[in-house]
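As structure tokens, the structure follows; a few thoughts come after it.
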Amino acid sequence: MSGPGTVSGPGWAERYGAALMNTFGPPQRVLVRGAGSHVWDADGRRYLDLLGGLAVNALGHAHPAVVRAVTDQLQTLGHVSNFFATPAQVTLAEQLLRIVTPGGAPAGSRVFLANSGTEANEAAVKLIRRHGGPARRRVLALEGAFHGRTLGALALTHKAAYREPFEPLPGEVDFLPFGDVAALREALDEDVAALVVEPIQGEAGVRVLPPGYLPAARELTRAAGALLVLDEVQSGMGRTGTWMAHHLPHLGGGVVPDVVTLAKGLGGGLPVGAVVALGADIATLLGPGQHGTTFGGNPVVAAAALAVVAALDDGLLGHVTEVGDLLRHKLAGLGHHGVAEVRGEGLLLAVGLTAPVAQAAAGHLLEAGFIVNPVRPDALRLAPPLVLTAAEATSFVDALPAALDAALADAGGQG
Ligand SMILES: *Cc1c(COP(=O)(O)O)cnc(C)c1O
């Protein structure tokens with residue numbers, strides 16, 4: 001949605017356009033400050049941030065624990081090369097091994113720390129290559145998948161508009177129908193190195209895998225000698241009220257994957273990604289010299305991630321379930337003719353609309369002081385800070401009908 005005055009502040013929009021590559025389209029607002037679940041624009045207007053920096057600001061904006069962790073670490077030791085270890089890096093890896101599977105990761109599991117979700121998936125692609133060798137070259141992903149923008153991760157990403165300008169992409173990737181166990185069984189030959197899936201497809205509009213898919217995928221990939229890689233970049237780190245989305249009993253059914261990738265909420269706003277290889281066979285696929293990063297495992301971002309883990313341990317996981325349930329039930333209970341369904345888990349939700357007016361609805365919500373993401377023409381994605389309060393959630397539900405009415409009226413007027 002663009003319109004008069006959508007970008008405010010003294011000349012920032014023009015300067016943005018003159019200085020930054022146009023990869024994101026025009027920015028909606030210039031933001032200057034955040035606290036809790038709110039951000040403020042350059043004109044001093046306040047917004048409830050129901051996008052959370054794209055599922056990143058797990059503890060909201062300027063959370064004291066993150067600020068303290070980062071400040072203390074930066075004052076103590078800000079960066080070292082990976083020729084050296086730091087306590088923050090080691091402790092974070094230990095914590096990830098604790099939380100990645102209920103009851104802790106199997107013996108021999110190991111972590112590689114990267115800087116983003118894309119990079120975590122690139123590391124997973126290298127694990128897949130090492131596992132598959134020359135004989136197993138095919139990788140399976142799902143229709144609707146989003147795994148990132150670098151060439152290896154992009155090869156696993158389904159959307160034509162993202163892929164086509166950069167083809168040929170590396171690897172032999174086949175995309176299977178979403179949630180279709182029979183198609184997976186059919187596709188899993190002895191030339192398949194891995195299946196890569198998001199338990200909940202975020203970019204595709206918050207699509208939750210059907211119950212039974214992940215357990216079946218685990219059984220089938222194991223029998224075929226292929227790896228099961230779960231991309232929990234968006235769905236992990238407490239977003240669903242469990243540490244990982246696949247820990248939800250109806251979604252994961254107790255599966256232990258071979259690889260889990262993480263990022264987004266992990267750093268509470270700082271750039272950090274992680275790939276967790278489960279079991280010694282997988283964790284030793286990459287040896288000295290076979291992968292690396294300059295910034296990965298940086299102690300400042302590791303300290304921020306440790307603050308996020310501590311907060312989730314300290315009751316935030318339960319809070320996500322509570323507020324997520326409240327938000328979902330209130331949205332469903334609106335009974336508004338513009339709402340077709342409410343889907344998702346915890347605080348990763350989408351409001352499915354009865355008409356393709358998401359863009360216009362998001363624009364009206366922005367004017368009313370709410371940031372949401374029109375992830376698809378007919379869906380609004382909500383991925384707010386995990387610290388969102390019940391009152392904040394309710395204030396959004398109260399504002400939604402007017403925004404939907406206005407968006408539907410816009411559409412009616414045009415038609
Ligand atoms: C956002 C996202 C990525 C890419 O992460 P970046 O940090 O943007 O590189 C990968 N996989 C999923 C599921 C995502 O949602």
Side-chain angles (χ1 to χ4, degrees), residues 21 23-24 51-58 100 112-128 139-159 162-163 166 169 173 175 178-179 194-209 213-214 228-240 243-246 251-252 257 259-276 293 295-298 301 304-305 308 344-350 373-376 379 381-384 386:
M21 255 186 228
T23 54
F24 301 103
L51 181 55
L54 253 166
V56 163
N57 294 93
V100 72
F112 181 88
L113 293 172
N115 309 291
S116 67
T118 293
E119 282 180 63
N121 285 332
E122 286 290 333
V125 167
K126 279 191 167 179
L127 288 169
I128 291 168
V139 180
L140 305 178
L142 298 191
E143 290 172 4
F146 182 85
H147 297 293
R149 302 288 202 148
T150 57
L151 295 184
L154 188 57
L156 297 166
T157 293
H158 184 241
K159 195 172 179 173
Y162 295 169
R163 302 169 56 85
F166 307 101
L169 292 167
V173 181
F175 293 97
F178 180 81
L195 167 70
V196 183
V197 289
E198 301 151 85
I200 302 173
Q201 288 189 338
E203 298 301 307
V206 187
R207 292 207 292 177
V208 184
L209 276 173
Y213 186 86
L214 283 178
L228 176 61
V229 178
L230 297 188
D231 179 345
E232 292 255 24
V233 165
Q234 184 163 162
S235 57
M237 295 309 297
R239 173 80 21 212
T240 57
W243 282 109
M244 303 292 144
H246 77 271
L251 184 49
V259 178
V260 176
T261 57
L262 299 168
K264 290 212 163 94
L266 173 59
L270 277 84
V272 52
V275 51
V276 187
T293 164
F295 291 111
N298 170 289
V301 301
V308 171
E345 299 287 348
L347 284 173
L348 180 56
L349 298 173
N373 170 234
V375 64
R376 298 188 58 79
R381 173 172 48 180
L382 309 175
L386 305 182

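Numbering starts at 1 and runs along the sequence shown. Each ligand, and each atom within it, is numbered from 1 in the order the structure gives.
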[X] (side chain) donor-acceptor with [Y] (main chain) under 3.5 angstrom:
{"X": "T157", "Y": "H147", "result": "yes"}
{"X": "E345", "Y": "A245", "result": "no"}
{"X": "E122", "Y": "G152", "result": "yes"}
{"X": "Q201", "Y": "F146", "result": "no"}
{"X": "N115", "Y": "V272", "result": "no"}
{"X": "H158", "Y": "E143", "result": "no"}

Just which atoms of ligand 1 are under 4.0 Å from any heavy atom in [X]?
{"X": "S116", "result": "7 (O), 9 (O)"}
{"X": "Q234", "result": "15 (O)"}
{"X": "E198", "result": "13 (C)"}
{"X": "K264", "result": "1 (C), 2 (C), 3 (C), 14 (C), 15 (O)"}

Please determine if [X] has a nitrogen or oxygen closer than 3.5 Å to a nitrogen or oxygen of ligand 1.
{"X": "E203", "result": "no"}
{"X": "G148", "result": "no"}
{"X": "D231", "result": "yes"}
{"X": "E119", "result": "no"}

With a 4.0 Å heavy-atom cut-off (strictly under), which part of [X] contacts ligand 1: side chain, backbone, both or neither?
{"X": "H147", "answer": "backbone"}
{"X": "T118", "answer": "both"}
{"X": "R149", "answer": "neither"}
{"X": "N121", "answer": "side chain"}

task = Evaluate whether atom CZ of R207 has more than 12 neighbouring non-hydrogen atoms of other residues, nucleotides or ligands under 6.0 angstrom away.
result = yes

key: Residue pair L349 / R381, side-chain heavy-atom distance below 4.5 Å   = no

key: Min side-chain heavy-atom separation Q234-I200 under 4.5 Å   = no

query = Which residue supplies the protein heavy atom nearest to atom 5 (O) of ligand 1, what is that atom called, and how far is it?
reply = G117 CA, 3.3 Å

